[in-house]
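Worksheet: one structure, shown below.
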Number of protein chains: 2
Amino acid sequence: MVRATTERSKEGYHHGNLRVALLASAREMLETQGVGALKLRAITRQVEVSPMAVAPHFGNLRGLLTALATQGFEELAHAIKTGKARSLKDAGLAYIYFAIRNPGLFTLMFRGDAIDRSDPAFAGAASDSFALLDTWAGTSGKAAGFAPQIAEAVMWGKVHGLAILAIDGLLTPLVQATDPHIDLEQFLEQALDYMNTATSG
Amino acid sequence: MVRATTERSKEGYHHGNLRVALLASAREMLETQGVGALKLRAITRQVEVSPMAVAPHFGNLRGLLTALATQGFEELAHAIKTGKARSLKDAGLAYIYFAIRNPGLFTLMFRGDAIDRSDPAFAGAASDSFALLDTWAGTSGKAAGFAPQIAEAVMWGKVHGLAILAIDGLLTPLVQATDPHIDLEQFLEQALDYMNTATSG
DNA sequence: CATTAGTCTTTACAATGTAAATATGACAGA
DNA sequence: TCTGTCATATTTACATTGTAAAGACTAATG
């Protein structure tokens, strides 16, 4: 339960910090119970506020989820920029690690039917993240006869695919079958190494 | 609107072919209006049947969607096997083309919160498809020092990522920026070529 | 102090999925 | 042909969802 810094003034109207409280509450439910648990009434119940209290801040549920996804893309861009993202592999790793450490949020960020992709703030944050990946892809060796957009799409597709498969648990059988055994993060790191060294993958 | 072969007997009870009619109706709505339109009452309304008519055949909505997703995996496996899937690239292309030609269905097949992954028929059909991809990945040149599961995950991740990005429309800006201009299917084919020839991508 | 604007609640409503009970008709055995 | 049996489909009822509309309350502004 997230509250305003000063206990909410007199327990009456005006929460004081409702916007961030709703986002924090929704995010907590998102990671602990999955995207399916993101019901308006469940979120507002946790903040002890009426369902329609979202209206002034987000309009409706879709607006709230869109704001949450926007926040996710901002964090993703930050993760790619900072850390040790000094190479193509590190940029890809940052993308994948963000996904598996925030699985619910990452899923929401790409759920076109749950959010409003035409929202300016969302669209901006999303394309900022994508542009960062494009930058890294552009620094890679370009093969002759291919449009630069191909290299960008491939770079993005590879990390995105691994991230989604990992989140959905579809990689677990493969990871468990490794001998000697390695964990998921090691598996993913080696997968990126493999892509950049092996010719046919 | 899908009906029994012989017009339904007397417009009374007993549709005669309800199971396949429901699946066909659901699939049509899925591709024309997206996964968000897959409401139980909307589906049964189109077949002119009461909402609870799904119970004898599928149990509930989740059961119906699971059966639909199962059908999808069966078709995917068929698409990979047949056609001109005689190489690693063709197997990957079959996967991607199936996805962009059945975007709604493909999305549903990976929506863990809308279907029942523990359903035996579904689990079987799904792992059949995955095993096919693994087979092709196994035939590719193995780089030294990597577990074979890494090669499988990378192969799968690449095609899956491109498929998802294409379905979500996130590749469209890149495709439109190509010069000379190529369409989406050409773009994806070249992307697969690029992955198998270029070293770092 | 009065007004105004923003925040939150209340009430009401249409729509969803499904449990429980009921009705229907196909079909097998006499 | 009658009779029982059983899967199939309907009906009714209910809890839950998101939100439009109208009202209550508070903070800020003049």
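Each chain gets a letter, A, B and so on, in the order its sequence line appears, and its residues count up from 1. FYI, side chains are in, hydrogens and waters are out, and symmetry mates aren't considered; it's all heavy atoms of this structure.
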For [X] and [N], give me the distance from atom [atom1] to atom [atom2], rounded to whole Å.
{"X": "A/Leu40", "N": "C/dC8", "atom1": "CG", "atom2": "C1'", "result": "13 Å"}
{"X": "A/Lys39", "N": "D/dG18", "atom1": "NZ", "atom2": "P", "result": "6 Å"}
{"X": "A/Phe58", "N": "D/dT19", "atom1": "CZ", "atom2": "P", "result": "13 Å"}
{"X": "B/Leu61", "N": "D/dT16", "atom1": "CG", "atom2": "P", "result": "19 Å"}
{"X": "A/Asn17", "N": "C/dT7", "atom1": "CG", "atom2": "C1'", "result": "14 Å"}
{"X": "A/Leu65", "N": "D/dG18", "atom1": "CG", "atom2": "P", "result": "9 Å"}
{"X": "B/Leu22", "N": "D/dT8", "atom1": "CG", "atom2": "P", "result": "12 Å"}
{"X": "A/Leu64", "N": "C/dC8", "atom1": "CG", "atom2": "P", "result": "14 Å"}

So [Y] and [X], do their side chains get closer than 4.5 Å, heavy atoms only?
{"X": "B/Leu30", "Y": "B/Leu108", "value": "yes"}
{"X": "B/Leu23", "Y": "B/Arg27", "value": "no"}
{"X": "B/Phe73", "Y": "B/Phe106", "value": "no"}
{"X": "A/Leu188", "Y": "A/Gln190", "value": "no"}
{"X": "A/Lys158", "Y": "B/Val154", "value": "no"}

With sequence neighbours excluded, tell me which residues meet ring pair (Phe, Tyr, Trp, His ring centres under 6.0 Å) with A/Phe98.
->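 A/Phe98 satisfies ring pair (Phe, Tyr, Trp, His ring centres under 6.0 Å) with no residue once adjacent residues are dropped.
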Could you list the protein-to-nucleotides 19-21 of chain C atom pairs, N/O on both sides, closer than 3.5 Å?
none

Determine: side-chain N/O of A/His57 to OP1/OP2 of C/dG6, distance under 4.0 Å, yes or no.
-> no
For C/dT16, take OP1 and OP2 only and decide whether either is under 4.0 Å from a side-chain N or O of B/Arg45.
->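 Yes.
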Partner residues of B/Glu185 under the salt bridge (charged side-chain N to carboxylate O under 4.0 Å, His left out) criterion, sequence neighbours left out | B/Arg101
Given C/dC8, D/dA9, D/dT19, the nucleotide with the shortest approach to the side chain of A/Leu18 = C/dC8
In terms of the nearest nucleotide of DNA chain C, which residue is placed more toward the 5' end: A/Arg41 or A/Pro56?
->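 Comparing both residues, the 5'-ward one is A/Pro56.
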